[in-house]
Amino acid sequence: MKLLIQNAKYIAFNGEINPTDILIENGIVTKIEKKIEAEVDRKVDATGMVVSPGFIDLHVHLREPGGEKKETIATGTLAAARGGFTTVAAMPNTRPVPDTKNHLDNLQMRIKETAHVRVLPYASITTRLLGEELTDFAALKSAGAFAFTDDGVGVQSAGMMLKAMKKAAALNMAVVAHCEDNSLINNGCVHQGAFAKRNNLHGIPSICEAVQIARDVLLAESADCHYHVCHVSTKESVRVIRDAKRAGIKVTAEVTPHHLILTEDDIPGLDANYKMNPPLRDAADRAALIEGLLDGTIDFIATDHAPHTREEKSEGMELAPFGIVGLETAFPLLYTHLVVNNMISLEELIGFLTTKPAESFALPYGKIEVGGPADLVLLNLNEERAIDPNEFLSKGNNTPFTGWNCKGWPEMTIVNGEIVWEKGCVTA
């Protein structure tokens with residue numbers, strides 16, 4: 001397919017926004033010029049819209065296999081396309097867990113059959129995520145594992161984590177960690193702070209996360225392994241990661257949109273749509289996360305898209321599962337609350353969603369360049385509307401942002417030169 005994007009606003013490497021045409025042929029960007037004349041299959045008039053590299057989300061839960069009531073690869077990746085994401089990495093807390101080559105081969109086949117965007121599957125560090133026995137890292141890498149993680153649970157044994165890091169390092173693979181010391185969780189459902197105290201709830205202390213990061217960065221230094229920290233949420237965690245980077249340890253980190261925007265003070269009551277793990281922390285933590293993102297301590301933004309059914313989320317703050325959806329609302333929320341409010345620039349935000357995750361994991365995506373893959377999203381920065389979960393393409397509508405008015409919505413998403421989603425029309 002030959003596709004011509006015309007009159008788009010393109011953010012150059014120097015930050016300037018220039019009018020640009022982009023020619024796409026056979027999935028590849030072949031020209032980027034101010035004006036292009038060509039015979040094509042389709043022309044797209046992008047007047048007034050910004051063209052960005054397709055977003056990359058390295059932390060999503062697609063739930064399939066085993067959790068199809070919550071989400072499927074098809075629905076989750078269509079939601080990703082609607083949000084402007086062209087590459088996502090799927091966490092392994094499914095049933096079965098991708099902990100063997102056979103399980104991962106089956107998952108890869110399902111991805112090939114049903115995914116609307118590029119899916120990079122994680123494999124688990126331990127069998128069935130139980131933290132007791134390491135998986136066959138070499139076999140899983142040969143089956144296409146993106147990296148290794150037991151996301152959803154922290155690896156409790158330092159010895160087990162060190163062995164995992166040594167095996168991963170020998171294969172030039174990353175270990176990706178949900179950091180949580182089970183002995184410090186305190187049966188919590190929210191942050192151990194003012195909200196928990198006010199509502200007589202058990203709270204999860206900040207040290208529960210930070211202490212395991214502190215352990216792991218030292219293990220990563222010993223193993224010479226790329227170690228990545230999922231969904232950083234506390235000021236103590238930021239401090240540990242900053243110190244580790246200064247020491248030359250190969251550590252990267254991510255932060256979610258909800259931890260950049262919300263704090264425990266924003267929880268209106270016992271609404272489980274505000275329940276996620278890690279929990280919403282306090283204002284000092286949020287400030288540290290933003291500072292850490294801007295100074296490079298935190299490398300990029302990832303949604304931790306975690307769909308659940310309405311029934312599950314209606315069970316209340318203590319019993320409902322952790323997690324919220326995020327793929328379809330990430331960019332408008334971040335643009336409205338960080339860029340429009342002059343906390344970061346548009347160029348920086350796009351970088352945190354494209355080049356930064358790509359660079360952190362040496363992915364050949366996240367850029368618009370001649371000869372590169374045609375992964376693009378067209379953004380209408382002037383469109384302003386409220387978030388309506390009833391419009392979501394994800395099966396999950398568990399979001400705390402219902403009714404929030406946001407600017408900056410994707411209009412079209414292109415993966416490998418194919419239009420996979422456009423406003424008002426599902427095309428894949």
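The shown structure was predicted, so the numbers you read here are calculated from the model rather than taken from an experiment.
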Go through Phe392 and Thr399 one step at a time and tell me if the side chain to side chain contact (heavy atoms under 4.5 Å, CB included) criterion holds.
CA-CA 10 Å; Phe392 287 174; Thr399 175; 3.9 Å; yes
Would you please test Glu132 and Ser157 for side chain to side chain contact (heavy atoms under 4.5 Å, CB included) and show each step?
CA-CA 9 Å; Glu132 298 173 356; Ser157 164; over 6 Å; no
For Met49 and Met412: C-alpha separation, side-chain torsions, deciding distance, then whether side chain to side chain contact (heavy atoms under 4.5 Å, CB included) applies.
CA-CA 10 Å; Met49 286 182 272; Met412 176 180 286; over 6 Å; no
Go through the steps to decide whether Thr297 and Asp295 satisfy the test side chain to side chain donor-acceptor pair (under 3.5 Å), and finish with yes or no.
CA-CA 6 Å; Thr297 300; Asp295 71 16; 2.7 Å; yes
Derivation of the side chain to side chain contact (heavy atoms under 4.5 Å, CB included) call for Tyr335 and Val340:
CA-CA 6 Å; Tyr335 178 74; Val340 174; 3.6 Å; yes
Could you walk me through whether Glu391 and Arg385 pass the salt bridge (charged side-chain N to carboxylate O under 4.0 Å, His left out) test, one step at a time?
CA-CA 12 Å; Glu391 297 177 351; Arg385 56 185 169 86; 3.7 Å; yes
Checking His258 against Phe401 for the ring-ring contact (aromatic ring centres under 6.0 Å, His included) test, could you report, in this order, the C-alpha distance in whole Å, the side-chain angles of both residues, the deciding distance, and whether it holds?
CA-CA 9 Å; His258 44 277; Phe401 298 110; 7.5 Å; no
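When only modelled atom types and interatomic distance are considered, Asp57 and Thr303 share a side-chain donor-acceptor pair under 3.5 Å. The closest side-chain donor-acceptor pair between Thr75 and Glu71 falls under 3.5 angstrom. Remark: the Asp375 side chain and the Tyr365 side chain contain no N/O donor-acceptor pair separated by less than 3.5 Å. With hydrogens and angles left out, the side-chain atoms of His226 and Thr252 include a donor and acceptor closer than 3.5 Å. In this structure, a donor-acceptor pair under 3.5 Å is absent between the side chains of Arg281 and Thr234.
No donor-acceptor distance shorter than 3.5 angstrom exists from the side chain of Asp243 to the backbone of Val240, with no hydrogens or angles considered. Put simply, the side chain of His231 never gets that close to the backbone of Thr256: no donor and acceptor are under 3.5 Å apart. Judged by distance alone, the side chain of Gln156 and the main-chain N or O of Asn182 form a donor-acceptor pair under 3.5 Å. Panel note: side chain Asp299, backbone Glu254; no donor-acceptor pair is recorded below 3.5 Å. Lys275 places a side-chain N or O within donor-acceptor distance of the main-chain N or O of Glu318, the cut-off being under 3.5 Å. Checking side-chain atoms of Asn398 against main-chain N and O of His308 turns up a donor-acceptor pair under 3.5 Å. The backbone N or O of Trp409 sits nowhere less than 3.5 Å from a side-chain atom of Lys423 that would complete a donor-acceptor pair.
Under 4.0 Å is where a charged nitrogen must lie from a carboxylate oxygen, and between Asp224 and Lys250 at least one such pair does. In summary, Glu113 and Arg110 engage in a salt bridge, as defined by a charged side-chain N under 4.0 Å from a carboxylate O. Residues Lys69 and Glu311 are not paired through a salt bridge, judged by the lack of any N-O separation under 4.0 Å between the basic side chain and the carboxylate.
No more than 12 heavy atoms of other residues, nucleotides or ligands sit less than 6.0 Å from atom CG of Asn26. Atom NZ of Lys163 has 12 or fewer neighbouring heavy atoms from other residues, nucleotides or ligands inside a 6.0 Å radius. The 12-atom threshold is not exceeded at NZ of Lys356, counting heavy atoms of other residues, nucleotides or ligands nearer than 6.0 Å. Other residues, nucleotides and ligands contribute more than 12 heavy atoms inside 6.0 Å of the CG atom of Asn341.
Looking at heavy atoms from C-beta onward, Lys313 lies out of side-chain contact with Asn397 at the 4.5 angstrom threshold. The side-chain heavy atoms of Asn186 and Gln192, taken from C-beta on, include a pair separated by under 4.5 Å. Within the 4.5 Å cutoff, side-chain heavy atoms of Leu107 are placed close to those of Ile73. Contact of the Ile261 side chain with the Trp404 side chain is registered, since non-hydrogen atoms from C-beta on lie closer than 4.5 Å. Under the 4.5 Å side-chain criterion, counting only non-hydrogen atoms from C-beta, Gln212 is not in contact with Leu184. In this structure, the side chains of Arg118 and Ile111 stay at 4.5 Å or more apart for every pair of heavy atoms. The shortest distance between side-chain heavy atoms of Leu381 and Leu346 falls below 4.5 Å. You'll find the side chain of Glu180 reaches within 4.5 Å of the side chain of Asn277, heavy atoms only.
In terms of heavy atoms, Ile125 sits closest to Val175 at CD1-CG1, 3.9 Å.
Ring pair Phe331/Phe55 is parallel by interplanar angle, where below 30° counts as parallel and above 60° as perpendicular. Ring planes of Phe148 and Phe137: parallel class, angle under 30° (limits at 30 and 60°).
In summary, of the residues considered (Val119, Ile56, Leu58), a side chain to side chain contact (heavy atoms under 4.5 Å, CB included) with Val88 occurs for Val119 alone.
In summary, the aromatic rings of His228 and Phe300 are positioned with their centroids under 6.0 Å apart.
Note that CG of Leu260 is 6.0 Å distant from CG of Leu338, once rounded to the nearest 0.5 Å.
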